[in-house]
Amino acid sequence: MVTSIIRRLIQAVFVVVAMTVIVFIGVNVIGNPVDILINPDANQAERARVIAHYGLDQPLWRQYLLFLQGLLHGDFGDSFVYGRPAMGLILERLPATLELAISALTIALVFGLPLGLYAGLYPNRVSSKLIMSGSILGFSLPTFWVGLMLIMVFSVELGWLPTNGRGPTLELFGAQWSFLTGEGIRHLLLPAFNLALFKTSLILRLTRAGVQEVLPQDYVKFARAKGLRERRVIAVHVLKNLMIPVVTIIGLEFGSLIAFSVVTESIFAWPGMGKLIIDSINLLDRPVIVAYLMMMVLLFVVLNFIIDVCYTILDPRVRLDSKA
Amino acid sequence: MTALLQVRNLVTEFGGAKGRSGIRAVNDVSFSVERGRVLGLVGESGSGKSVTGFSIIRLLERPGRIASGEILFDGVDLSRNSEEEMRRLRGKRIAMVFQDPTVTLNPVLSVGTQMIEAVLAHESVSKDIARQRARDALGLVGIPSPEERLAAYPHQFSGGMRQRVAIAIAFLHKPDLIIADEPTTALDVTIQSQIIAEFQKLTEETKTAVIWITHDLAIVSRLADDIAVMYAGRLVETGPVSEVLNDPRHPYTAGLIASVPSQNQRGERLRQIDGMTPALNRLPQGCSFRRRCERADDGCLVIPELAPSGDRSFRCIHPVTKVSAS
């Protein structure tokens with residue numbers, strides 16, 4: 001176990017280093033931030049001063065090395081736009097996005113797993129067919145449209161829920177969280193549901209497929225032949241096998257929830273990272289873009305690592321140091 | 001004393017319902033098994049022998065269902081039992097061992113978990129006692145250091161060992177009846193012998209009746225007291241093993257026996273029964289074996305009854321006699 005963790009960590013370091021190269025070069029290829037940063041009326045000396053200030057006069061390899069040097073100190077440089085450390089900006093927005101993503105994932109699991117299980121166990125019932133048709137809608141309706149419809153129905157027509165922002169927040173672990181206040185939860189509901197819709201359909205369909213794959217297995221039949229109660233057969237024998245693919249998807253989808261919550265955040269004016277990154281791309285705010293991308297790389301690496309650990313808990317066949 | 005299990009005119013169908021008949025995998029099958037006796041249920045793939053076994057323990061997969069007939073187990077008709085009544089019997093009084101040990105144990109649960117839950121399904125004892133029972137059962141089927149093996153997972157066992165675990169689970173509650181669905185088919189020959197020996201030992205100790213489903217006549221001759229031969233969903237011949245195997249009456253039984261490699265001479269082509277098992281939805285009119293049988297004539301266009309003669313019975317109007325068989 002320990003050696004495999006160390007091996008995974010070394011691999012992760014390589015991934016991160018490779019990504020720094022790709023991200024850094026990629027960002028340097030697109031556009032010239034100087035054009036945007038500097039007043040068009042500025043004179044040549046002024047331009048040169050700004051370019052030198054941001055280190056843009058250096059050759060690319062030196063810029064990269066300087067960037068790496070900063071990285072080792074946790075310094076991604078200052079935002080061109082805000083003039084503050086880029087990482088700080090992102091970390092400020094992280095809780096909002098994290099909160100939204102976790103809520104969405106929870107909703108997706110709470111609805112997706114049981115509904116998928118039901119549709120898989122009773123595939124011929126009308127209700128199962130309705131669930132499956134519904135999941136097709138969840139899959140195919142564009143997020144932005146659903147978001148707008150949610151606002152139309154629940155905010156404009158019914159007036160139950162607010163349309164935008166996080167509402168009042170409370171501090172916990174040095175960050176601001178909406179879910180700690182009732183009003184905050186009301187603000188959270190619509191965007192979380194909006195973001196969760198697609199994932200719910202995904203988990204639902206995956207669960208159903210899993211049930212249909214596991215149910216005809218001999219070990220399920222054998223479990224019944226032992227005289228186990230149906231509840232235990234489903235909850236232990238079926239569900240535990242089912243969770244292996246579901247955990248993989250949950251892990252990867254959680255990453256994509258965070259990385260691609262842009263649309264939902266824009267529609268509901270949710271002050272998360274998604275909105276920040278879109279603004280930064282528009283303004284070619286390189287340090288923020290780079291910091292954000294590195295953050296995402298790190299996030300996916302960590303998530304993959306957690307998935308691997310979950311595997312070893314769920315599936316004894318992938319445990320590497322079996323003692324027995 | 002009446003037999004422990006009496007199957008009467010069992011019909012199991014796949015598909016079809018309410019008036020419409022589906023495909024009959026088991027057609028009008030009757031037999032009985034007494035306590036402590038071993039019945040060898042023999043037939044080719046698709047003859048309905050496994051479906052018969054799953055009908056008795058009521059674990060047919062949809063759309064399979066028992067269409068008619070009775071399954072009297074200790075006087076109770078299993079085909080009318082509720083699902084909960086069946087659950088209480090399964091594993092407790094009727095146990096089952098499956099064909100392929102590599103897929104009968106759940107890969108993500110430890111052997112201990114799977115054994116302990118089998119104990120707890122029928123007895124309200126503490127987990128420690130259940131664990132002890134599981135450990136003793138493993139020891140009984142010849143698994144070394146059972147205490148440690150309880151913590152192991154199925155993939156850490158060989159095929160033969162896994163089948164031993166399955167057998168240990170089947171015998172946990174000392175059942176009255178065990179349905180063994182080709183439990184040695186997936187194992188190599190030396191392991192087969194060990195498993196059969198293990199089985200014999202346990203059934204003798206516990207007075208358990210066994211229905212041993214197989215296509216292997218050698219195993220039946222070694223293990224079984226009685227034999228029932230199935231063909232295309234119907235019983236074609238039943239009787240005590242030694243009599244039937246030495247002196248088969250039905251041409252199909254005779255053909256099966258002649259096909260056993262050890263019955264053949266070296267250097268000669270292996271004997272086989274010509275043709276294939278007919279598809280159950282396109283059975284020929286009359287005797288299902290008619291098209292493959294060299295003795296068939298127009299009289300075989302009517303399905304013969306299972307005619308009893310002494311403690312044997314067979315379903316043929318042109319039975320093989322000893323003279324013509326040799």
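In the text below, chain A, chain B and the rest are named by the order of the sequence lines, each starting its count at 1.
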- residues 70-95 of chain B: residues contacting chain A (heavy atom under 4.5 Å, by number):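 If one takes a 4.5 Å heavy-atom cut-off, the residues of residues 70-95 of chain B near chain A are B:Arg87, B:Arg90, B:Gly91, B:Ile94.
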Checklist entry - Using a heavy-atom distance cut-off of less than 4.5 Å, which residues of residues 160-181 of chain B contact chain A? => result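 Listed by number: B:Ala166, B:Ile169.
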Heavy-atom closest pair, residues [X] and [Y]:
{"X": "A:Phe222", "Y": "B:Phe98", "answer": "N-CE2, 3.7 Å"}
{"X": "B:Leu59", "Y": "A:Lys221", "answer": "O-CE, 3.3 Å"}
{"X": "A:Arg232", "Y": "B:Thr113", "answer": "NH2-CG2, 3.9 Å"}
{"X": "B:His122", "Y": "A:Gly227", "answer": "NE2-CA, 3.8 Å"}

- Would you please go through residues 202-220 of chain A and name the residues with a non-hydrogen atom below 4.5 Å from one of chain B, in numerical order?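 Listed by number, the contacting residues are A:Pro216, A:Asp218, A:Tyr219.
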_Pair B:Glu117, A:His237 - check side-chain contact (heavy atoms from CB on, under 4.5 Å), show working._
CA-CA 11 Å; B:Glu117 66 177 6; A:His237 286 260; 2.5 Å; yes
task = May I ask you to name which of B:Leu109, B:Leu120, B:Ile57, B:Asp100 has the most heavy-atom pairs under 4.5 Å with chain A?
result =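 Among the listed options, the one with the most contacts to chain A is B:Leu109.
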Heavy-atom pairs under 4.5 Å with chain A: which of B:Ala121, B:Ser110, B:Ser145 has the most?
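Winner by heavy-atom pair count: B:Ala121.
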- Quick one: what part of B:Gln114 sits under 4.5 Å from any heavy atom of chain A, side chain, backbone, both or neither?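 Both parts, backbone and side chain.
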Check salt bridge (Lys or Arg N to Asp or Glu O under 4.0 Å) between B:Arg135 and all other residues, then give those that pass, not counting sequence neighbours.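 With neighbours one apart ignored, the set is B:Glu147.
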